[in-house]
Number of protein chains: 2
Amino acid sequence: MLRTLTTLDDTTPAALRPVLAPLPPLTTAGARLLDAAGSLFYERGVRAVGVDLIAETAGTTKKTLYDRFGSKDALVALYLLQRAHRWREHLLARLGGADALEGPAAAETRVLLVFDALQTWMGGQRRGCGFVNAYAELGDTDHPAVAVVRAEKAWMRALFDDLTGDADLGAHVHLLYEGTLVVLTAGADPSAAAQARRGVRVALAARGTGPA
Amino acid sequence: MLRTLTTLDDTTPAALRPVLAPLPPLTTAGARLLDAAGSLFYERGVRAVGVDLIAETAGTTKKTLYDRFGSKDALVALYLLQRAHRWREHLLARLGGADALEGPAAAETRVLLVFDALQTWMGGQRRGCGFVNAYAELGDTDHPAVAVVRAEKAWMRALFDDLTGDADLGAHVHLLYEGTLVVLTAGADPSAAAQARRGVRVALAARGTGPA
DNA sequence: CTGCGAGTATACCGACCGGTATGGTTACCT
DNA sequence: AGGTAACCATACCGGTCGGTATACTCGCAG
């Protein structure tokens, strides 16, 4: 179990599962622009932030922005890709020590570690899931950022399948995970994280004892 | 049980639970404007739709729009309020017949009816939860629409508490409900609804048998 | 008959949008 | 020495944004 995603020396066929595209190399001004865009896009929304503001915040010019990224759409997609990589690293760092755990209780421990990572990740960030927010603005379009959103959600679902070792359990916990972010932010209910933990324990305790 | 929210002759203290503000009366052109705004805002997002397009779609003018609603922000808030009322009516209509059911299986039946209503409601609508989408664009601001989002989420949570008769169960099911909408749309996973049903059965089957 | 609320039509405002053009300055590589 | 990639500065483009102003028509209630 747990052979995938958490280690770099992965020996399983990686082609079978969702993988995040790698981040392209960036010049110094390019990195400054992407960082500025990341903060502004997440904090205010993708449509609400203009390229002029991004360039000014990064201490550079629109010319450089378009030389590096070609379009605002491409910059938005790259913002989400960078965010996915950062969340992935944050998550796997906190999950790394749980690799050796086995047995029925190990799945619960590992899944709850994801919710721990979510809380530390969200500490200070008040706008919820950047991927859900971006999708809310873009919808089911051919915008290049939508593919990144889909990839991140598929990655999280595959992670939960791995951690629980069961597709139904993985789906259940994934729904709890996505629901938590919504209820925390749009619902403004700080108890959501604790309720999600309770839900995870219920779901995993019912392994094999649930309805046919 | 289930004394509230599903009937109009409610005898319980309504002040104790979240209530949606009533819709103000509308003139004929006002109603046309609100309907046009509703379709456009939901389909394309709040920021992406300009007041010119709304007025033109409604077959009237910007002057009338501002005479009736005062500002775009107020129109956005009213759009969400109208949507909340419509979803509430759609939901309660499908839930009405379950009032008489009692016993441990009744809670499961009633909750699953909510997920049935969600599927029929979402049939044809491809943009997920309009409240989550609006909040994604507006964030935790003083925009008048944010209060409507909060009210709708609180209302759904209270409904699940009622249907299950238990705050922890209500929270669990509410997380599954919000997660379903996210995974269906941003995740583009059509199996989310079926997985949510499975999750509801697991959660309710564990009533009283879960961890302390 | 008069006043008024509702609606239509059109023109206008400053600000901002994504994107482009021109031109010049470094620093490094061959 | 020459080329080139990266960068900064500034001005400009057509279009759209939310919101306002002016002027007119209609139906109805006093």
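Quick note on labels: first sequence line is chain A, next is B, and so on, each numbered from 1.
As a whole-Å value, the separation of B:D67 CG from C:dA9 C1' is 13 Å. Residue B:Y66 contributes atom OH, which lies 13 Å from atom C1' of C:dC13 at whole-angstrom precision. In this structure, NZ of B:K72 is placed 8 Å from C1' of D:dC17, rounded to the nearest angstrom. Here the C1' atom of nucleotide D:dC17 and the CD atom of B:E56 are 15 Å apart, to the nearest Å. The distance between atom CG of A:D52 and atom P of D:dA11, rounded to the nearest whole Å, is 14 Å. Rounded to a whole Å, the CD1 atom of B:I54 is 8 Å from the P atom of D:dG18. With rounding to whole Å, A:L65 atom CG is found 11 Å from D:dC8 atom P.
Of the listed residues (B:L65, B:D67, B:T60), just one forms a side chain to side chain contact (heavy atoms under 4.5 Å, CB included) with B:K63, and that residue is B:D67. Checked options A:W121, A:W155, A:F131; the residue passing with A:W87 is A:W121 (criterion: ring-ring contact (aromatic ring centres under 6.0 Å, His included)).
There is no side-chain donor-acceptor pair under 3.5 Å between A:H85 and A:E89.
At a non-hydrogen distance threshold of 4.0 Å, nothing from residues 21-48 of chain A comes into contact with DNA chain C.
Note on A:G70: nothing from the nucleic acid sits closer than 4.0 angstrom, heavy atoms only.
For D:dA5, neither phosphate oxygen OP1 nor OP2 lies less than 4.0 angstrom from any side-chain nitrogen or oxygen of A:R68. For A:T64, no side-chain nitrogen or oxygen approaches OP1 or OP2 of D:dC7 to under 4.0 Å. In this structure, B:T60 does not reach the C:dG7 phosphate: none of its side-chain N or O atoms is under 4.0 Å from OP1 or OP2.
Relative to the side chain of B:V51, the nucleotides D:dG18, C:dT8, D:dC8 differ in distance, and D:dG18 lies closest.
No side-chain heavy atom of B:V183 sits less than 4.5 Å from a side-chain heavy atom of A:K153.
Note on A:D35 versus A:R86: salt bridge recorded, some NZ/NE/NH1/NH2 to OD/OE distance being below 4.0 Å. Taking 4.0 Å as the cut-off between side-chain N and carboxylate O, A:D189 and B:R157 count as a salt-bridged pair.
Taking the six-membered ring where tryptophan is involved, the planes of A:Y177 and A:F115 are perpendicular, since the angle between them exceeds 60° and thus also 30°.
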Protein heavy-atom contacts under 4.0 Å, written 5' to 3' over nucleotides 23-30 of chain C as B (base), S (sugar-phosphate only) or - (none), form the string B-------
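Counting non-hydrogen atoms of other residues, nucleotides and ligands closer than 6.0 Å to CD of A:E43 gives a total above 12.
Applying the ring pair (Phe, Tyr, Trp, His ring centres under 6.0 Å) test to residues at least two apart or on different chains, the pairs with a partner in residues 34-82 of chain A are A:F41-A:Y79.
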